[in-house]
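Computed from heavy atoms alone, side chains included, the values below leave out hydrogens, waters and symmetry copies. Along the sequence shown, residues carry numbers from 1.
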Amino acid sequence: MDYSVFCQGLLEPRRGRLGDVRDALAGGDGPETVWRALVGDEPWRRFLHFVACPRCRGRGTVGGYDSDMEWEEDAWTCGECRATGVRPGALVDGVPDERHVVALASAPEAVRRAEELAWRFAAELEPWGVPSPERLVWRVGGRVHEAGVPHELDFALRELFTRHWAEELAGFRDGIGIALPWGTKDSCYSDAHRQAETHAGWEAAARLGLRVPDEIMVFGRPVEFAPGGASFGDLANPYASLLEIWRVGFALDDVAEGVVSLYARPPR
């Protein structure tokens, strides 16, 4: 895969119908009407109605002191909202609001493609013990943070590729520069960079015919892999779907509790 395509333009889908959306809303059409005309309804689709987290005020980060005791506005991620900037318990239903329509109905083809990829991604996680979701939720606004594969599985795979198979997979991350130099780009590039690295590790393991171990030790604790014994070459690489969602212009936010969530940044 050519990872250089992710070095710019993340979270910027082609919103070819943005003018049509804004004209329709200005002309008195309601969000539901505009959505139905441009995207269409699906029984499994839901929308999270954004309300800013009261602790971080929607930023996803909070202030704190650095090692030199200097105050930094965005020193820490907000634990109240999982660094998303969204108030916990915000309403989720099947009715889009204006925020959803402007950000999503303006790019209907990209929305449909991202949803297709999100369902594919969820199916690819099933062999790893991640339950299949029943609904898909769109979140517009706030912040995307460490999105994608459930954290414990993602971390264990990174440990497997970078530490346990350090010799076998030596150099697999060479040439990936999506977020480089570190700290100079939006955090979404750091997420995409890490996912690209894990994608590359998976592909390298597949080429070598390596098999998923039954378990590995992570910080002195055993972590089991559900498809232990299977060849990486015989398992679909879910990081390919994640990266394709970035390419489309959105991000996969989470897979948990019967829901796969997608994230969109409001138009600037």
Give a yes or no on whether the backbone of Thr61 and the side-chain of Arg59 come within a donor-acceptor separation of less than 3.5 Å. yes
Heavy-atom count around Glu224 CD within 6.0 Å, excluding the residue itself: above 12? no
Correct closest heavy-atom pair for Val21 and Val102 would be CG1-CA, 4.0 Å
Residue pairs, two or more places apart or on separate chains, that pass ring pair (Phe, Tyr, Trp, His ring centres under 6.0 Å) and touch residues 227-261: Trp138-Phe250, Phe161-Phe232, Trp165-Phe232, Trp202-Phe232
Mind listing the closest non-hydrogen atom pair of Val86 and Ala90 along with its distance? CG1-CB, 3.9 Å
State plainly whether the residues Arg112 and Glu115 are in salt-bridge range, i.e. N to O under 4.0 Å. no
If I compare all heavy atoms of Pro88 with all of Cys81, which pair ends up nearest, and what's the gap? CG-CA, 4.4 Å
For the atom pair OG1 (Thr184) and OH (Tyr189), what is the distance rounded to the nearest 0.5 Å? 10.5 Å
Can you give me the closest heavy-atom contact between Val144 and Cys188, atom names plus distance? CG1-CB, 4.1 Å
Scan for ring pair (Phe, Tyr, Trp, His ring centres under 6.0 Å) pairs involving residues 75-102, sequence neighbours excluded, and state none if there are none. Phe47-His100, His49-His100
Transitive ILVMFWY side-chain link Phe50 to Val101, under 4.5 Å: no
Distance-only donor-acceptor check, side chains Asn237 and Glu124, under 3.5 Å: no
Would you check, one step at a time, whether the test side chain to side chain contact (heavy atoms under 4.5 Å, CB included) holds for Phe121 with Glu116? CA-CA 9 Å; Phe121 168 78; Glu116 176 187 336; over 6 Å; no
Salt bridge between Asp41 and Arg36, side-chain N to carboxylate O under 4.0 Å? yes
Can you find a pair of side-chain heavy atoms, one from Leu262 and one from Leu136, that are under 4.5 Å apart? yes
With no hydrogens and no angle check, do the side chains of His193 and Glu197 hold a donor and an acceptor under 3.5 Å apart? yes
Does Leu153 reach the side chain of Leu125, with side-chain heavy atoms less than 4.5 Å apart? yes
Of all heavy-atom pairs between Pro133 and Val260, which one has the smallest distance, and what is that distance? CB-N, 3.7 Å
Side chain of Arg139, backbone of Gly141: donor and acceptor closer than 3.5 Å? yes
Is there a side-chain contact between Gln195 and Tyr3 (heavy atoms, below 4.5 Å)? no
Heavy atoms, side chains only, cut-off 4.5 Å: are Asp93 and Arg46 in contact? no
So Arg143 and Thr84, side chain to side chain contact (heavy atoms under 4.5 Å, CB included) or not? Walk me through it. CA-CA 5 Å; Arg143 180 171 178 261; Thr84 63; 5.7 Å; no
Could you state the interatomic distance from CD1 (Ile245) to CG (Leu252), rounded to the nearest 0.5 Å? 4.5 Å
Carefully, step by step, assess Asp254 and Val259 under the rule side chain to side chain contact (heavy atoms under 4.5 Å, CB included). CA-CA 8 Å; Asp254 197 13; Val259 173; over 6 Å; no
Any ion pair linking Asp186 and Arg265 (charged N to carboxylate O, less than 4.0 Å)? yes
So does Gly229 get a backbone contact from the side chain of Arg211, meaning a donor-acceptor N/O pair under 3.5 Å? yes
Separation of Ser4 OG from Ile178 CD1 (nearest 0.5 Å): 8.5 Å
If you define the side chain from C-beta out and look only at heavy atoms, does anything of Leu160 sit under 4.5 Å from Val212? no
Between Arg82 and Asp253, is the closest basic N to carboxylate O distance under 4.0 Å? yes
Is any side-chain heavy atom of Val248 closer than 4.5 Å to a side-chain heavy atom of Arg113? yes
Within 6.0 angstrom of Glu42 CD, more than 12 heavy atoms from elsewhere: yes
If you take all heavy atoms of Pro108 and Val39, which pair is closest and at what distance? CB-CG2, 4.2 Å
If you count heavy atoms of other groups shown closer than 6.0 angstrom to CD of Glu134, is the number above 12? no
Rounded to the nearest 0.5 Å, how far apart are CG of Leu117 and CG of Leu242? 9.5 Å
May I have the step-by-step check of side chain to side chain contact (heavy atoms under 4.5 Å, CB included) for Cys7 and Lys185, ending in yes or no? CA-CA 10 Å; Cys7 291; Lys185 292 184 175 182; 3.9 Å; yes
Using side-chain heavy atoms (C-beta onward) and a distance below 4.5 Å, is Pro238 in contact with His199? no
Is there a path of hydrophobic side-chain contacts, each under 4.5 Å between heavy atoms, that joins Leu10 and Val5? yes
Does Glu215 reach the side chain of Val223, with side-chain heavy atoms less than 4.5 Å apart? no
Distance-only polar pair, side chains of Arg120 and Ser241, donor-acceptor under 3.5 Å: yes
Is the backbone N or O of Pro266 less than 3.5 Å from a side-chain atom of Arg99, with the two atoms forming a donor-acceptor pair by type? no
For the atom pair CD (Glu80) and SG (Cys56), what is the distance rounded to the nearest 0.5 Å? 8.5 Å
Same cluster or not: Leu243 versus Tyr263, using hydrophobic residues (I, L, V, M, F, W, Y) connected whenever any side-chain heavy atoms lie under 4.5 Å apart? yes
When you measure from the side chain of Arg158 to the backbone of Arg194, do you find a donor-acceptor pair of N or O atoms at a distance under 3.5 Å? yes
Interatomic distance, Arg163 atom CZ to Leu169 atom CG [nearest 0.5 angstrom]: 14.0 Å
Path from Phe225 to Phe219 over hydrophobic side-chain contacts below 4.5 Å: yes
Same apolar cluster: Phe172 and Leu208, side chain cutoff 4.5 Å: yes
